[in-house]
Amino acid sequence: MNVETLIFAYLAICTSMIVFNCICIFAFQHNDTKISKKSKEFEKKITEQIQQMKQGKQPDDKHKAYLRKTLKKTGNLTALDETMERLFEEDPDAVKQYLSAIYPVFVYLSMEYRKKDEIRAAYFPYVIKRFGILQNTSFGIIVDTLMELLHEPSLYCRENALQAIYSTGDCDCVIRALKIIDSGENFHHAKLLTDGLLTFTGDQEKLSEALWEEFDHFSTQMKVTILNYFRFSTDRRCEEVMQLLSDKSQDDEIRFSCIRYFGRYYYEPAYPYLLEFAENTQGLRWEYSAIASSALAIYPSDRATEILKRNLNSSNWYIRFNASSSLEEFGLSYTDLIDVFDGNDRYAREILQYRLDQKKAKQREEKQREAVNV
Amino acid sequence: MTDGIMDIIKTFLDGVGVFFVIYLIGYSTFLFLAVVVGSSSLYRKRRQEKLKNTLFHDYYVPITIVVPAYNEEVTVVETVRSLLALDYRSYEIIVVDDGSKDTTSQKLIEAFDMHLIRRPIRRQIECQPEEFVYESTAQKVPLTLIRKKNGGKADSLNMGINAARYPYFICMDADSVLQYDSLQKIVRPVLENDNVVAVGGTVRASNNVQLENGRVKHYQLPRNILACMQVLEYDRSFLASRILFDKFNGSLIISGAFGLFKKETVIAAGGYDHTTMGEDMELVVKLHEYCVTNEIPYLIRYATDAICWTQVPEKLGDLCKQRRRWHIGLFQSMIKHRSMFFNLKYGAVSFISYLYFLLYELLSPFIEVFGVLTMVLAFAVDLINVPFMILFFLIYAIYSSVLSLTAFFARIQTIDLKISVSDVLKAILLCFFEVSFLRFVLAFVRFTAFFGYRKRKMQWGRIERKKIDLK
């Protein structure tokens, strides 16, 4: 094959790409029109069914069969999404009743969407969550499909499935899901999991209780995620967290999380531990001292002040930084901290001075804001 | 001319001919693959967006935005305003004034009611000392201004990294505007994979684009022809080749105008190198080297939907200045990290990315000028087939134009931008002009880049700034 032939072949393929682009432009436009037309068709049919339901009847089988057939296509499901958004604004209660009545359609669709590629499959749990399909119903097949989607390599597939599972408000489902994620090979960011758990629509206290019961069955990474969830959701896990903090055999990361928990919620029995960690006489990892120095911010006392002042002289930046922050939180004045300012450690002086300056600036800004408001 | 000399010239020209055939086939194949992979990735992305394959997440990862500024009094306040309007929950802004001779710092202090503070900065990377620090907590997010002794852009970025509070930082230019959702989009690869150490954003020309609160209000190709051609060029390089490199973790460049980095890894690798002109490329190459040498699992990703709008030069002189700078930066990075050349340890980064940049970016101006000189020689000894040469050139120009247009249209339609018919025609006409004219001008400029570069190597690359149209 000579060079010109190759170049011409490339040229031909590129020209077909331009043609493909043009076709795509029209196809996308056509698709949008088709979806909006379908959405109007759905609106008409669903409104009829809702009216029927208001007269005490159930949606007829023909309608359900129609939905089963049409909603297999992802484009039609997006059209239904549009329709539901409009109808929900008009009469939310009626729409909820309607969705509850057509629940078997979604059971059927869950099996259909499970067979689709990962992008389409990920759309199904999104719809389930958005329509609130799993609220106040018995679960079964749909939840099984969601659990299967948790094994998918696509993060979006897993995340959408998790979001739908959180919307069930069922603790057992959530724990089952977390176990699947925990045992899977796919990376799922801890931040997504913690924040996701916070969107759980059921009783958060019950969820935290259930998570604690199963705590030992999770990996260290998942345990840290759960502890972070406790930190942002409840102050009622102090005893359990204390148990972990005092257990030296626990992984460092778990104990760091426990210290952070007690930096958010005051718990007297944790105080001596925090002091000990902040002082770090046992030669533990520097993180213990840094995190404990920060956690002590809600435990003002002479002993804490003394240790934090000492930590201002630490060679570790984070320990100095956190200690200065906590001292500022204690509300100490320049006179209370005179020994630091008169001391020989320039770094300690500088960081403390910065904190006090920052505090003054904040106060000044607040005053200015108040003056503007007046 | 004797037969002996003619034979030598013939053999030489034959050799050159074979070299160019191989060279151009290599380039055509690369461009072809890049555009095909790039376009299909964009369509997939669009499909994902339509079918809600996205993260509905409000908190994300805390980010520090570092804005190095030197004599930016015209744009800096608007830039910071646009950053304050970003749709993101947890971030801080640090502006580093690199000893500006104008009123860059004063403008910021006045506009955002900032107060002087004695803030200790932890020097993890070497940089010039600070002169003063101002802060403001009255804004939506913490805003810090650090004025330091002049040391160049890389030095300013290092200062920003030293002062950054958060684990990830973004570097950007003071004359650029981030799209309202750019932080959400650029951080997504980090949430997808914990090994991501850097993410490159997409840079687009903002000339003639109206932005309101970081949203595109009205999109139109630039009126200026030179800027318009750069739009096509940016599309080809950003949406085609970078997506291809991203597929095998082979990105060697993250534009200095918009990139996200893991602070800890950048500090461990030594931060930005202030002795090179292309500090943005140098850092990325360095990250590859650092992670591979230390056997750290890592990924350098590219986010096609994280968008930064920047002004491209509208004057040929400015454009030449910019390209000379880029080319010297490329040269310095490649020389400094030459151990990556044909090194099995680096895998595809060495055998595809490094080789591509060496042959088709760094050496291409020399090869192209050599080609032109060879043509002159062939013409002089009457050994050139002129009609074939013209045909070959035409095929090449049409081929490159088609690729540019494919990249341009793929970008336009996959992000739901509406453009006018006149813009479509303008793009079609100018893409041919870009590959057959501008490309050669820029090749010559890059060829001459090394003349007198030592004198300019520590200077900020200046182009004429206009106030950004942010409404």
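Worth saying up front: this structure is predicted, and the values here are computed from it rather than measured. Chain letters run A, B, ... following the sequence lines, proteins first, then strands; residues in each count from 1.
With values rounded to the nearest 0.5 angstrom, A/K362 atom NZ is found 9.0 Å from B/E135 atom CD. Here B/D194 contributes atom CG and A/K191 contributes atom NZ; the two are 12.5 Å apart, rounded to the nearest 0.5 Å. Here the CZ-CG distance, from A/R120 to B/N53, works out to 11.0 Å after rounding to the nearest 0.5 Å. The structure places CG of B/L191 at 9.0 Å from NE2 of A/H188, a figure rounded to the nearest 0.5 Å.
When all heavy atoms of B/P120 and A/W317 are compared, the closest pair comes out as O-CH2, 3.5 Å. Contact record, A/F187 with B/E192: CD2-O, 3.3 Å, taken as the closest heavy-atom pair. In this structure, A/Y123 and B/L51 approach most closely via the heavy-atom pair CD1-O, 3.3 Å.
In this structure, A/K359 places its NZ atom where more than 12 heavy-atom neighbours from other residues, nucleotides or ligands lie under 6.0 Å away. No more than 12 heavy atoms of other residues, nucleotides or ligands lie within 6.0 Å of CD in A/Q221, so this atom counts as exposed by the packing criterion.
For A/Y156, the part lying under 4.5 angstrom from a heavy atom of chain B is the side chain only. Residue contact with chain B, scored on non-hydrogen atoms closer than 4.5 Å, involves the side chain of A/E159 exclusively. In this structure, the portion of A/D32 lying under 4.5 Å from any heavy atom of chain B is its side chain and not its backbone. A/R364 touches chain B through its side chain: at least one heavy atom from C-beta onward sits under 4.5 Å away, while N, CA, C and O do not. With a 4.5 angstrom heavy-atom cutoff, B/V36 touches chain A via backbone and side-chain atoms both. Residue A/E118 touches chain B through both its backbone and its side chain, counting heavy-atom pairs closer than 4.5 Å. Proximity to chain B is limited to the side chain of A/Y318, based on heavy atoms less than 4.5 angstrom apart.
Counting heavy-atom pairs closer than 4.5 Å to chain B, the top-ranked of the candidates A/I119, A/L155, A/T78 is A/I119. Most heavy-atom pairs under 4.5 Å with chain B, from the set A/T199, A/L77, A/D117: that is A/D117. Chosen from A/L192, A/N160, A/D81, the residue pairing most often with chain B at heavy-atom distances under 4.5 Å is A/L192.
Side-chain contact between A/Q358 and B/R119 is absent, with no heavy-atom pair separated by less than 4.5 Å.
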